[in-house]
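To start, the structure under review is shown below, and the notes come after it.
Throughout, a chain's letter reflects where its sequence line sits, starting with A, and its residues are numbered from 1.
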There are 2 protein chains.
Amino acid sequence: MENERTGVGKTITIYDIAKEAGVSASTVSRVLTGNAAVRQDKKERIRSIIQKYNFKPNALAKGLSDTSTKTIGIIAADVRNPYYSALFVACEVAAEKAGYSVSLANSLGEKEREQAQLDLLLQQRVDAIIQMGGRVDDLITDDAYAEKVRSVCRTTPVVVTGKLDKAPVHSVVIDEAMGMNLVMEHLIGLGHKKIALVGGEMRVNSTYLKYQKYREILAKYGIQENGEYVVNGTYDPETGYEATNKILELKDRPTAIIAINDFAASGALRSIREHRLHVPEDISVISFDNTYIADLVMPKLTSVDYNYEDYGKLLIETATSAAEGKDTANVRMVQPEIVERDSTGPAPRSSRK
Amino acid sequence: MENERTGVGKTITIYDIAKEAGVSASTVSRVLTGNAAVRQDKKERIRSIIQKYNFKPNALAKGLSDTSTKTIGIIAADVRNPYYSALFVACEVAAEKAGYSVSLANSLGEKEREQAQLDLLLQQRVDAIIQMGGRVDDLITDDAYAEKVRSVCRTTPVVVTGKLDKAPVHSVVIDEAMGMNLVMEHLIGLGHKKIALVGGEMRVNSTYLKYQKYREILAKYGIQENGEYVVNGTYDPETGYEATNKILELKDRPTAIIAINDFAASGALRSIREHRLHVPEDISVISFDNTYIADLVMPKLTSVDYNYEDYGKLLIETATSAAEGKDTANVRMVQPEIVERDSTGPAPRSSRK
DNA sequence: ATTAAAATTGAAATCGGTTTCAGATTGAAC
DNA sequence: GTTCAATCTGAAACCGATTTCAATTTTAAT
């Protein structure tokens, strides 16, 4: 059956190594794990045999035996979204440094998939699960789903990006209020008073928090909120495009648009361009997430960054310390920061009448 | 130790189910796998107990026992690149349909990481490995690396996106020549004769194949190749930007630019814009990969698509059938197709002197 | 050279499944 | 009511590691 291509050469085990070294499997295991002393000469002999066969211990057997796989399962809404891919890679790198590996599953926004992914990761006995985005927000309304997550938490620690009261999960949340605060102060500092908000669903907590802060800051500066300036939708370019179309038809146009993310902002840019207006001379655009898209479109977008590297590190740290039974703060915050590029500028004079 | 949050409630096993059902573990296993008959009433009783506890068999034990994990390891160069994320998600979906799950690792273009990932996947006893991009091309020059891959192939089937002679891997390749052929015919059909090629490294096979075809088609139409029209680099926007800057300074400007991918094309668009030229009126731009970026930039890019869904399906099918020992063709091809958008148009009159 | 203490070592149990093999039931046919 | 075949079932071995426990070998001290 030895097929040159698919070749399944019999895999070599710890026993094979033991036999060749003339020791017991226990001893080989000891040099593998380093958890116990082995006489120097034997240790070297065993090591060289391991080298020679390029032996890699079976992780399944290992995991079965010591009930830790050193693996963290990650469920992301969709890695095709650069926000999630950036976060995932940051997690992967951080996990590696912590001696863990990661396993990714995409829920693609479908609740059934997400539940299936949870089950799969549970079966694979990951040490912890990180859930990025996804249907987390449904926990608030969907009781069956909440029960599911609660049941998962009973066996495996779960870390979610976002806040959650209905299940005993750990949270790493972006300080959305601070993010919006930075955005508003930035725009108002540039002289903007007519500020629109584009994209996002209010039922999504992160969006709702942004909106709250948006209103708060308007109030703080004594600016009357204009209901027509807030157009919700989803998180894609199309939403940004259509919402902006609507907004640019208003008699009293805003001088700045805050997009819920870079995708929505790219749609906004397209709409503005089609209206023969210029960014940032006629209208400023600012967005959240600072994905590479912000750097790709014209003009480059001013966007709120989360420092994905730190964000991932925090997620992994939370997950690993929970997995190792360390008791940790159950809510941690990520601080956002504005990266200025070319899409924001002073409010046009004409608007400052 | 029962912590409400990290709660490690003792995991329930097949033996617990067996005891409660008053049968042996073997019988429970039989209803789990369905590989053998079990009397109807017992089967139902066991099923209901499994339900009741929401029991999920330990995948480690299962994998250890039947030496198949129903998992396919995927090593991608970088999922942050939409080409890879699209392909990965397509694989994930296809794998799911085939009863497999996938495990992703990113090599981030580092050879050492890639080897570490290979080892990790091997330890996890994945049934097959799919390698997307990455340092595959180094196999041609790096003998140690080639030996590594060969050694992996000895125990686990490997599928790579690209062609490879130095190791017994399975290949799924994009028909690059066909892709370039479509591009050239498209441009020439629009009256372009001065066609530039931007980005990519010649040592990378897929790039080299495109270049070959580019020359071939020029020759076919009796167009003299202009060395200044081919500017290599890497695969990012910066490359496209700089290469295009160089090209637009030429006395005899091209009327069309072929970018190695959508990223490079976005850089090209920026350069063209800064030169106050218009796409496609003054110059056409076309690229490869048809990622969502093509739809995001202005104008939207005409780009060569690979039908990621089929591409992923093909990769998974190759991987699973290799894993299951079926003998399959070892090279399969993906057929590209042009998706026309707004960045290509007729060559400007002035150039048709 | 003894002896107690310290360092190594291997046998065997364990992790949680699957599968073989032989024995026990059940059913159909007569 | 037998009889023989077809179904079911459980005990035990196995997958490949780790770890406990007791035994053995070394080393140090007297």
Side-chain angles (χ1 to χ4, degrees), chain A residues 8-47 49-50 53 55-71 119-120 122-127 155-156, chain B residues 8-47 49-50 53 55-71 119-120 122-127 155-156:
Chain A
V8 178
K10 108 171 83 7
T11 43
I12 133 161
T13 74
I14 203 175
Y15 294 94
D16 301 319
I17 304 288
K19 191 191 288 182
E20 181 153 341
V23 299
S24 74
S26 324
T27 303
V28 177
S29 173
R30 280 188 266 260
V31 339
L32 240 30
T33 62
N35 300 343
V38 170
R39 229 173 52 210
Q40 192 61 28
D41 57 328
K42 288 194 183 180
K43 194 187 294 189
E44 279 161 14
R45 185 144 37 93
I46 292 170
R47 285 237 175 86
I49 296 175
I50 287 176
Y53 291 106
F55 166 72
K56 302 287 170 203
N58 185 325
L60 301 172
K62 182 166 181 155
L64 185 57
S65 163
D66 54 84
T67 60
S68 158
T69 51
K70 288 290 180 183
T71 297
D119 284 338
L120 183 66
L122 246 38
Q123 287 189 250
Q124 293 176 167
R125 297 296 189 269
V126 295
D127 293 348
T155 56
T156 307
Chain B
V8 179
K10 108 169 81 14
T11 43
I12 131 161
T13 73
I14 202 174
Y15 293 95
D16 302 317
I17 304 288
K19 192 192 288 178
E20 182 154 342
V23 299
S24 73
S26 324
T27 304
V28 177
S29 173
R30 280 188 265 261
V31 338
L32 240 32
T33 61
N35 298 342
V38 171
R39 228 174 51 210
Q40 194 59 27
D41 57 328
K42 290 195 181 179
K43 195 187 293 188
E44 277 161 15
R45 182 143 39 93
I46 293 171
R47 284 238 175 87
I49 297 175
I50 288 177
Y53 290 107
F55 166 73
K56 303 287 170 203
N58 185 324
L60 301 172
K62 183 167 182 154
L64 186 57
S65 162
D66 55 73
T67 60
S68 160
T69 52
K70 288 288 177 185
T71 297
D119 282 339
L120 183 66
L122 246 36
Q123 287 190 248
Q124 294 177 167
R125 297 297 189 268
V126 295
D127 292 348
T155 58
T156 306

Task: Listed partners of B/Arg39 passing side chain to side chain donor-acceptor pair (under 3.5 Å), at least two apart - done: B/Asp41
Task: Gap between atoms NZ and P, on B/Lys19 and D/dA11 respectively (whole Å) - done: 14 Å
TODO: Output the residues of residues 55-71 of chain A in contact with DNA chain C, where contact means a heavy atom of the residue under 4.0 Å from an atom of the strand; sort by number or write none.
DONE: A/Leu64, A/Ser65
Open item on the list: Could you work out, with side chain to side chain donor-acceptor pair (under 3.5 Å) as the rule, every residue matching A/Thr67, not counting sequence neighbours?
Closed with: none
Task: Comparing B/Ser26 and A/Ala25 on DNA chain D - which has the more 5′ nearest nucleotide - done: B/Ser26
Task: Whole-Å gap separating C1' (C/dG16) and CG (B/Leu32) - done: 11 Å
TODO: Name the nucleic acid region contacted by A/Thr13, choosing base, sugar-phosphate or nothing; use a 4.0 angstrom heavy-atom cut-off, strictly under.
DONE: sugar-phosphate
Open item on the list: Test of understanding: with side chain to side chain donor-acceptor pair (under 3.5 Å), list the residues that count as partners of B/Gln123, not counting sequence neighbours.
Closed with: none
Task: Distance, rounded to the nearest Å, where B/Ile14 contributes CD1 and D/dA11 contributes P - done: 14 Å
Identify every side-chain donor-acceptor pair in residues 55-66 of chain A under 3.5 Å, counting partners at least two apart or on other chains, and give the distances.
{"residue": "A/Asn58", "atom": "OD1", "partner": "A/Leu60", "partner atom": "N", "Å": "2.7"}
{"residue": "A/Asn58", "atom": "OD1", "partner": "A/Ala61", "partner atom": "N", "Å": "3.2"}

Task: For atom CZ of A/Arg125 and atom P of D/dG16, their distance in whole Å - done: 20 Å
TODO: Could you tell me whether the side chain of A/Thr33 and the main chain of A/Ser29 form a donor-acceptor pair under 3.5 Å?
DONE: yes
Task: Interatomic distance, A/Ile46 atom CD1 to A/Ile17 atom CD1 [nearest 0.5 angstrom] - done: 9.0 Å
- [ ] For C/dT19, take OP1 and OP2 only and decide whether either is under 4.0 Å from a side-chain N or O of B/Asn35.
- [x] yes
- [ ] Give a yes or no on whether a donor-acceptor pair under 3.5 Å exists between the nucleobase atoms of C/dG17, that is its base, and the side chain of B/Tyr15.
- [x] yes
TODO: Round to a whole Å and report the spacing from CD of B/Gln123 to P of D/dA17.
DONE: 10 Å
Task: Nucleotide D/dG16, atom P - distance to CG of B/Leu122 in whole Å - done: 14 Å
Task: Interatomic distance, A/Leu122 atom CG to A/Thr156 atom OG1 [nearest 0.5 angstrom] - done: 4.5 Å
- [ ] Report yes or no: does A/Arg30 contribute a side-chain atom to a donor-acceptor pair with the main-chain N or O of A/Ala36 at less than 3.5 Å?
- [x] no
Distances under 3.5 Å between protein N/O atoms and the N/O atoms of nucleotides 7-9 of chain D, please, pair by pair.
{"residue": "D/dT9", "atom": "OP1", "partner": "B/Lys42", "partner atom": "NZ", "Å": "3.0"}
{"residue": "D/dT9", "atom": "OP2", "partner": "B/Arg39", "partner atom": "N", "Å": "2.9"}

- [ ] With rounding to the nearest 0.5 Å, note down the distance linking OG1 in A/Thr27 to NZ in A/Lys42.
- [x] 6.0 Å
